[in-house]
Amino acid sequence: MRKFRTYHEVDHSTESELLEQVLEQRRRLASRLSGVKEIVAVASGKGGVGKSAVTANLAALLASRGRRVGAVDADLNGPSLGRMLGVLRHSLEDRGDGVAPATGGPGVAVISMELLQAGDDTPLRWRGPGGDTFIWQSTMESMALREFLGDVAWGELDYLFIDVPPGTDKITRLLELLPAPPTALVVTTPSEASRSVVARSIRLLREAGVERMGLVANMSGYLCPGCEELHPLFHGDGARELARATGVPIWAEIPFDPSLAAETDGGRPRVLGDPHGLVGRAFAGLADEVAGGAPGEEEVP
Amino acid sequence: MKFLCIDCDEVMVFAERRIPGDGTMAAVFACGACGREMAMLTNPMETQLVSSLGVKVGGREVPAQPMEGVRTSLKEGREDAFREEGEDTKEAKRSPPPAPPVVGGKPTGDPAARRPEPSSPPRPAFPKEDAPPRTPAPKGTPPPPKSGPVPHPGPVEWSPEAVERLHRVPGFVRGMVKRIYIDYARERGIRTITPQVMDTARRELGLEGM
């Protein structure tokens with residue numbers, strides 16, 4: 001058999017500049033995010049648990065408290081943050097140093113695929129050769145997410161929320177892009193199905209080095225509009241069991257409220273319209289938890 | 001990925017990239033010791049995979065533009081998703097994008113010069129179409145001295161024909177394309193962008209399809 005050096009035995013570059021370009025992309029992203037005090041990934045692994053509604057309401061609430069807040073809709077195939085923060089059909093300022101985000105709600109900077117696509121019913125599709133698109137499509141989506149994080153002129157922010165789509169692979173994709181492990185808000189519901197999926201996500205986040213993590217138990221009971229009492233919406237108490245099993249604290253229990261979805265979907269985050277209601281108070285507590293550990297956090301009057 | 005000239009035990013270095021426009025790519029690598037060349041040929045799927053990484057084999061001719069990957073690769077992008085710096089948000093929603101300054105010929109606001117051609121076919125993605133061949137200098141060779149026009153930082157004007165052509169570029173990528181032409185003109189001391197300048201830039205920068 002002929003002998004020749006293998007890849008790691010050859011230290012000379014081919015001068016194709018591929019590695020240099022990838023490193024430059026990473027430098028650019030890290031530089032862009034250097035003005036962000038805290039990145040908060042809102043994740044679950046499970047779909048339909050209300051990650052986007054939690055992101056929109058929490059971001060709006062913190063912005064209304066005077067914090068500088070940004071929000072990235074990492075759900076490229078099912079975006080909704082643009083709608084929830086009331087920036088649909090806003091144009092993005094195209095600057096040489098980056099794309100200026102849209103501003104919605106009480107001053108939340110937003111980027112979402114919703115702002116870029118031609119219509120409400122436009123599916124996410126990329127130019128490229130037909131057939132076998134699965135081979136390059138996830139790479140393309142990683143590129144899009146990298147550009148959302150690194151090419152948007154975020155400036156100085158107290159919080160940058162990232163609404164992570166369902167699927168534990170999407171959490172991995174995000175963590176690989178970020179220069180450092182973020183804070184994670186893990187959204188779940190009391191259902192057993194949600195508990196087991198979310199447990200996988202928590203393990204994945206831990207193994208990736210995420211240390212600051214809190215559970216959001218969404219749809220924790222149904223608020224009866226007649227008697228104004230909370231009734232269980234699911235059998236069991238999967239969220240608290242999850243907290244006990246994983247050691248991740250529950251930062252908020254948010255009751256199911258039809259008006260939360262209706263108003264948030266209409267671009268008016270519920271917490272702003274009813275800050276003293278049950279839902280508003282739950283989000284206020286969540287905001288306090290999130291703010292509690294921010295480096296250099298100061299009270300804003 | 002590395003290529004090794006087995007006979008010489010030397011890494012072959014990048015020499016030239018060709019993109020024929022059929023979705024494939026050819027990258028030539030050469031052995032610095034014996035001069036032997038080889039071409040790496042990629043099929044459309046492999047070419048797309050490299051493109052999806054946001055990198056170019058052999059390096060970039062122009063710096064990466066903000067959200068370049070999304071803007072050049074997304075199908076059915078919203079025409080008014082982006083507005084030029086300083087342009088009013090509401091104006092951007094209901095008016096055609098403002099034309100760059102123009103010299104001679106038609107006035108700046110001439111709608112005929114600004115209207116996109118309705119029959120224009122969708123533009124292929126930019127700037128992945130082509131790249132000029134280049135031969136790397138041997139290692140240690142200093143860069144050639146620059147000669148010719150001196151760069152200027154001032155405003156660059158556009159001829160009416162150049163304005164018309166620019167406005168046939170889809171709005172989704174127009175601002176990015178415009179910035180590349182302006183940077184190209186400034187770096188070469190060109191004060192007025194004409195279709196000829198655009199052709200030259202396209203060829204030199206490897207931006208076929210603009």
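In what follows, chains are A, B, ... by sequence order, proteins preceding strands, each numbered from 1.
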Portion of A:Leu19 that has a non-hydrogen atom of chain B nearer than 4.5 angstrom: neither
A:Trp136 side chain reached by B:Val50 side chain, heavy atoms, under 4.5 Å: no
Top of A:Leu18, A:Thr133, A:Leu92 for chain B proximity - count of heavy-atom pairs under 4.5 angstrom: A:Leu92
Any A:Thr14 side-chain heavy atom under 4.5 Å of B:Val13 side chain: no
Side-chain donor or acceptor of B:Arg83 paired with backbone N/O of A:Ser91 under 3.5 Å: yes
Donor-acceptor contact below 3.5 Å, side chain B:Glu84 vs main chain A:Arg95: no
Under 4.5 Å from a heavy atom of chain A, the part of B:Met67 involved: both
B:Asp9 with A:Lys3: basic N within carboxylate O range, under 4.0 Å: no
Heavy-atom check, side chain of A:Ser16 versus side chain of B:Phe29, under 4.5 Å: yes
Reported NZ-to-CG distance for the pair B:Lys75 and A:Leu124, which is rounded to 0.5 angstrom: 11.0 Å
Carboxylate-amine/guanidinium proximity below 4.0 Å for A:Asp11 and B:Lys2: no
Donor-acceptor contact present, side-chain A:Gln25 to main-chain B:Gly54, <3.5 Å: yes
Leading residue by heavy atom contact count with chain B [cutoff under 4.5 Å; candidates A:Ala118, A:Gly150, A:Gly130]: A:Ala118
Donor-acceptor pair, side chain of A:Arg125 and main chain of B:Leu74, under 3.5 angstrom: no
Beyond-backbone contact of B:Leu53 with A:Met143, side-chain heavy atoms, under 4.5 angstrom: no
Crowding at CZ, A:Arg27 (>12 non-hydrogen neighbours, <6.0 Å): yes
Contact origin within A:Thr122 toward chain B - heavy atom pairs under 4.5 Å: side chain
Donor-acceptor under 3.5 Å (A:Asp151 side chain, B:Pro66 main chain): no
Inter-residue atom distance B:Leu49.CG - A:Gln137.CD, 0.5 Å rounding: 12.5 Å
Residue pair A:Gln117 / B:Glu76, side-chain heavy-atom distance below 4.5 Å: no
Polar side-chain atom of B:Arg78 near backbone of A:Gly119 as donor-acceptor pair, under 3.5 Å: no
Steps toward side chain to side chain contact (heavy atoms under 4.5 Å, CB included) verdict (A:Arg5, B:Leu4): CA-CA 8 Å; A:Arg5 290 185 291 166; B:Leu4 184 72; 3.9 Å; yes
Exceeds 12 heavy-atom contacts within 6.0 angstrom, atom CE of B:Met38: yes
Proximity breakdown for B:Ala27 and chain A, heavy-atom pairs closer than 4.5 Å: neither
Donor-acceptor contact below 3.5 Å, side chain A:Glu17 vs main chain B:Arg60: no
Under-4.0 Å salt bridge between A:Asp94 and B:Arg179: yes
Minimum heavy-atom distance A:Gln21-B:Lys56, with the two atoms named: NE2-O, 2.6 Å
Option in A:Glu141, A:Arg28, A:Glu24 with maximal non-hydrogen atom pairs under 4.5 Å from chain B: A:Arg28
